[in-house]
Peer 1: 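Here's a structure for you.
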Amino acid sequence: MLYFDHNATAPLERAAADAWLVAAREFPGNPSSPHRLGTRAEMALDRARRTLASILGCEADTVVWTSGATESANTVLRHFATTLPPDQEVWVSPTEHPCVIETARRLFGSRCLSPRVKASGQLDLGWMQDQLRSRRPGFVACMAANNETGVLQPWRECAALLQKDQIPLVCDATQWLGRMPALGLGTCSFLFGSGHKLGAPRGTGFLKCPPATRLEPLLLGGAQEEGRRAGTENVAGAVAFAAILENCEQRIRRDKPTANEEQACPNAAGTAVASQSKVVKLKVQQRSEFERRLLERLPGAAIVGADAPRLWNTVSALMPRTDCQQRWVVKLDRLGAAVSTGSACASGKEKPSHVLLAMGYAPEDASRALRFSCGWETTPADWDRLLDLLEQAWLALR
Ligand code: PLP
């Protein structure tokens with residue numbers, strides 16, 4: 001089976017599985033227990049925390065282990081809901097993952113405002129700069145890379161802009177981590193991610209907070225994680241997460257371009273692309289070749305965010321019209337490829353993607369999106385095979 005749904009969840013990676021198994025065997029104690037096995041487990045957990053922090057570029061004691069990105073998002077939003085003045089507005093990008101946008105709307109109601117997004121899918125920082133002259137949100141939520149389209153957000157520039165006014169940035173790095181260089185993400189005030197998107201077992205995530213934050217815990221009933229998250233920590237999960245992230249970072253950084261090569265490849269969007277390693281550039285080329293041939297072979301198809309910098313592993317394509325987008329997914333599944341529609345599915349009936357609607361697509365077009373998301377091991381031959389299957393599926397569906 002061709003697996004093109006890494007953005008939903010990535011298959012367990014060998015390095016993560018090995019690290020998990022060793023940790024599960026060697027550290028059977030509860031990190032909160034006072035005996036030696038407890039202390040050893042606590043030390044392993046803190047080693048993993050230090051590894052993660054050094055990759056992100058932040059202090060280890062600012063990192064809280066959680067069960068995943070959804071819990072992290074809920075924690076930080078609940079923290080703001082209980083600590084901000086009751087009339088303060090908050091700005092949440094309309095392309096955020098539902099765990100951010102739906103939680104924020106529930107907690108902040110009409111105080112939750114949408115900053116403007118460009119047609120490329122990127123946050124409009126010019127608009128934001130303008131608005132900040134007369135308004136002050138309690139925080140701004142801007143993800144690092146979008147899960148549906150792969151569009152990279154200008155999170156560095158956004159962080160710098162907000163820092164001037166000391167407005168916290170909440171950054172969801174779930175799809176960025178393990179695919180793009182992580183260094184610098186630790187400068188975002190609040191940052192979170194999830195291990196299973198990069199090949200760690202499900203059930204481990206983290207939330208990085210500013211130093212000395214008195215975080216309002218979401219989960220109560222235990223003093224774990226310095227009172228910031230109750231519940232016994234998943235030691236082996238944290239160890240596996242740190243191991244696989246380290247592994248991915250090494251892969252990304254293995255052959256960074258020289259300063260001359262970087263100068264020869266200026267990046268209009270400013271974020272991250274300039275620091276891409278050769279291996280990332282190669283992956284971008286493979287994705288672009290697939291897109292070029294997809295447009296050639298399926299008339300009526302279009303690439304979402306085509307002009308924006310995007311994750312090398314993600315293609316969001318508007319497919320030729322059929323009566324229901326799920327039929328593409330079912331047909332491709334039968335032919336041997338796992339892909340996704342990318343948007344939330346409510347009671348079996350597909351709704352147009354809120355991300356594409358925010359980018360200005362009409363609902364009929366937003367409902368035509370399919371998402372193909374690959375992994376590090378995906379080869380050009382896999383992309384070719386996917387293309388063949390898409391063509392076969394279209395012959396059967398039209
Ligand atoms: N944020 C983004 C960008 C995601 O893609 C996802 C998962 O799809 C999440 C958050 C939620 O992650 P988790 O499954 O760890 O709760």
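Count residues from 1 along the sequence. Remember, predicted model here, so these are calculated numbers, not experimental data. Both counts, for ligands and for their atoms, begin at 1 and track the order of listing.
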Peer 1: Any atoms of ligand 1 less than 4.0 Å from a non-hydrogen atom of Gly68? List them with their elements.
Peer 2: 15 (O)
Peer 1: Any heavy atom of Glu96 closer to ligand 1 than 4.0 angstrom?
Peer 2: no
Peer 1: Give the numbers and elements of all ligand 1 atoms closer than 4.0 Å to a heavy atom of Ser194.
Peer 2: 13 (P), 15 (O)
Peer 1: Tell me: protein heavy atom nearest atom 7 (C) of ligand 1, and distance?
Peer 2: Lys197 NZ, 2.7 Å
Peer 1: What do we get for Arg202 next to ligand 1 when only non-hydrogen atoms under 4.0 Å count, side chain, backbone, both or neither?
Peer 2: neither
Peer 1: So does Glu89 pair up with Arg111, basic N to acidic O under 4.0 Å?
Peer 2: no
Peer 1: For atom 4 (C) of ligand 1, what is the nearest protein heavy atom, given as residue, atom name and distance?
Peer 2: His97 CD2, 3.2 Å
Peer 1: Run the numbers for me: atoms of ligand 1, each under 4.0 Å from some heavy atom of Gln175, listed by number.
Peer 2: 3 (C), 4 (C), 5 (O)
Peer 1: Does a side-chain N-to-carboxylate-O contact under 4.0 Å join Asp46 and Arg50?
Peer 2: no
Peer 1: Can Arg368 and Glu364 be counted as an ion pair, charged N to O under 4.0 angstrom?
Peer 2: no
Peer 1: Short question: side chain of Glu96, backbone of Met143 - any donor-acceptor pair under 3.5 Å?
Peer 2: yes
Peer 1: In the protein, what heavy atom is nearest to atom 12 (O) of ligand 1, and what distance, to one decimal place, separates them?
Peer 2: Ala69 CB, 3.4 Å
Peer 1: Heavy-atom count check: over 12 atoms from other residues, nucleotides or ligands less than 6.0 Å from Glu226 CD?
Peer 2: no
Peer 1: Applying a heavy-atom cut-off of 4.0 Å, say which part of Met143 lies close to ligand 1: side chain, backbone, both or neither.
Peer 2: side chain
Peer 1: Quick one, Asp382 and Phe4 - any side-chain contact, counting heavy atoms below 4.5 Å?
Peer 2: yes
Peer 1: Could you tell me whether Arg228 and Glu216 make a salt bridge, using a distance below 4.0 angstrom between a side-chain N and a carboxylate O?
Peer 2: no
Peer 1: Between Arg49 and Glu59, is there a salt bridge with N-O shorter than 4.0 Å?
Peer 2: no
Peer 1: Can Glu102 and Arg106 be counted as an ion pair, charged N to O under 4.0 angstrom?
Peer 2: no
Peer 1: Check Asp172 against ligand 1 and report side chain, backbone, both or neither, counting heavy atoms closer than 4.0 Å.
Peer 2: side chain
Peer 1: Measuring from the heavy atoms of Cys99, does anything fall under 4.0 Å of ligand 1?
Peer 2: yes
Peer 1: Among Thr70, Asn147, Asn74, which residue places a heavy atom closest to atom 16 (O) of ligand 1?
Peer 2: Thr70
Peer 1: Relative to the heavy atoms of His196, which atoms of ligand 1 are at a distance of less than 4.0 Å?
Peer 2: 13 (P), 14 (O), 15 (O)
